[in-house]
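Reading through the structure tokens given below for one structure.
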Amino acid sequence: MRLSRYFLPVLKETPGEAQIVSHQLMLRAGLIRQTAAGIYAWLPLGLRVLKKIEGIVRAEQDRAGAVEVLMPAIQSAELWKQSGRYDAYGPEMLRITDRHDREMLFSPTAEELFTTIFANGVRSYRDLPRILYQIQWKFRDEIRPRFGVMRGREFLMKDAYSFDIDLATARHSYNRMFIAYLRTFAAVGMHAIPMRADTGPIGGDLSHEFHIVATTGESGVFYHERWEQSRSLAVDADDASALQAYVDALNADYAATDEKRDPAAEAATGASLKEARGIEVGQIFYFGTKYSAAMGLSVQGPGGEQIVPHMGSYGIGVSRLVGAIIEASHDKDGIIWPEAVAPYRVVLINLRPDDVACTAAADALYASLEAAGVEVLYDDRDERGGAKFATADLIGVPWQVVIGPKGVAAGTVEIKRRGAGAKEETTVAAAVERLCR
RNA sequence: CGGGGCGUAGCUCAGCCCGGUAGAGCGCUGCCUUCGGGAGGCAGAGGCCGGAGGUUCGAAUCCUCUCGCCCCGACCA
């Protein structure tokens, strides 16, 4: 993409409404614009990051055996009255009345709908287990939205729902998601720690929150220092007992949010106990038959009896992850994207668009990178070098390639890794080879 | 919802206390000089001062109402 034809409205100054660095950088780097409290428009660069994360989340859900669907964002109040949550959910649910005075709502989560749709399609215990998921916009009318996409009212969430014949198999589904979540956060370049968590209004008795440690996190978190190391995620998720053993071994190391602190466990952890702030990027629940019973989901068992499936639900805040990644990966000049979620892999800077030889070299390199399938943002604007460097650093693309008159005369280009600092002079061929790797 | 703050040019803000008809920096447009880390000069464009009502000869400024946004608290992917 040529920057001269793109839509990348960057800001030199920090907008006053943004308090934390991720929000400031998302506005400055032209990723998002606020349109109302807690509601954001996603601009081209931000949308590319969101799509990258969404793709990784989807790949890991598929790998875990979950099946993607898409439910409506606008739902009828009827289903919610059936589960009792229409009243229980409170003012956080955005309620809408249509032209016929029907009560509608913008979905804040989707247990009722998934359970109903699933109930409609299965009759037998042989149809279980299943995990269904979607990646869909949610709306929660937060009392006080803040911190940009970290606590927006409208947000993109991956929500999954598992259906199992009994508690034992439901735990296996839970564990599948547990490992899938660790894999997902590692794949986006983040280190997330699973913590024992409250089950909140959804109910149930087994839950973990996944937190990314960052100074601006909204939760206090406490964990064994071993959680700071990255763990091997090599385990066969299809082997229920091996997976259970793996999960148990991980959870033997203490980790809890401030609501679930355990003084005895902390005492046992001793000097290895770490205290930090965490950004919650995912949460998983097992809640038994709460929704299956309420929504009339049952299947026929092997002996002809009706069985009410055990369920769990599993959420990842996809749009929140964008902010969380920036909180964890930036410097004074801007964002430093992990490769996996970067909007582009390379920003190609033509220092002198007015110089014929320079431009010819930059155009040629741009063409060969495009031909090789490298995602490259080509800064061909008629701007001074300094402005281009500042923009490149701000938007945080992993590789910067600089073409200037000196290099063109010497037959070299300059290549720099964002965040690593050191510049390197190489031949054009070597640069292409490096960037295609 | 309680407490606090703020709405003036695209952005960051000054002007408001003490009413007299709108400013700066950055950005934007044109020209010139520049050109390896957000250059310099000259000339420009751009604002019913969030909205409505009131007081006044006169309101960005004072009063009332209203809408929006931000911060602190209780709640949350």
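The structure displayed is predicted, hence computed values, not measured ones.
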Please state whether the rings of A/F285 and A/F287 are parallel, tilted or perpendicular, taking 30° and 60° as the class boundaries. tilted

P gap between B/U61 and B/G54, integer Å: 14 Å

Which whole number of Å gives the distance between the C1' atom of B/G73 and that of B/G46? 42 Å

Do side-chain atoms of A/K158 reach the backbone of A/V318 as a donor and acceptor pair under 3.5 angstrom? no

On RNA chain B, more 5' by nearest nucleotide between A/V10 and A/E218 is A/V10

With both distances under 3.5 Å as the test, what is the Watson-Crick or G-U wobble partner of B/C69? B/G5

Among A/T14, A/I20, A/L394, which one satisfies side chain to side chain contact (heavy atoms under 4.5 Å, CB included) with A/L25? A/L394

Please tell me which of the listed nucleotides, B/C75, B/G37, B/G36, lies nearest to the side chain of A/P405? B/G36

Mate of B/C35 where both pairing distances stay under 3.5 Å, Watson-Crick or G-U: none

Separation between the P atoms of B/G15 and B/C62, rounded to whole Å: 12 Å

Which base, if any, makes a Watson-Crick or G-U wobble pair with B/U56, both distances under 3.5 Å? none

Nucleotide paired to B/C48 in any strand shown, Watson-Crick or G-U, under 3.5 Å: none

Which nucleotide wins on minimum distance to the side chain of A/R146, given the candidates B/G38, B/C75, B/U12? B/C75

With the side chain of A/D393 defined as its heavy atoms from C-beta on, choose the nearest nucleotide among B/G37, B/G38, B/G36. B/G37

Taking the six-membered ring for Trp, are the ring centroids of A/H208 and A/F178 within less than 6.0 Å of each other? yes

Under a 3.5 Å limit on both distances, the Watson-Crick or wobble mate of B/G30 is B/C42

Whether A/R144 contacts B/C71 is assessed here as follows: a side-chain N or O lying under 4.0 Å from the phosphate OP1 or OP2. Is that the case? yes

Looking only at the side chain of A/R384 (C-beta and beyond, no hydrogens), which of the listed nucleotides B/G37, B/G38, B/A39 gets closest? B/A39

How far does the P atom of B/G2 sit from the matching atom of B/A60, given to the nearest Å? 32 Å

Check whether the side chain of A/Q34 and the base of B/G68 form a donor-acceptor pair under 3.5 Å. no

Of the candidates B/C28, B/C35, B/G37, the side chain of A/E383 sits closest to B/C28

Using both distances under 3.5 Å as the test, list the Watson-Crick or G-U wobble partner of B/G25, or none. B/C11

Can you work out whether A/G16 or A/M157 has the more 5'-proximal nearest nucleotide on RNA chain B? A/G16

Taking only side-chain nitrogens and oxygens of A/K12, does any of them come within less than 4.0 Å of OP1 or OP2 of B/G27? yes

Ring centroid separation for A/Y366 and A/Y378, is it under 6.0 angstrom? yes

Nearest-angstrom distance, P atom, B/C6 to B/A22: 25 Å

It should be established whether A/R153 places a side-chain nitrogen or oxygen under 4.0 Å from OP1 or OP2 of nucleotide B/A77. no

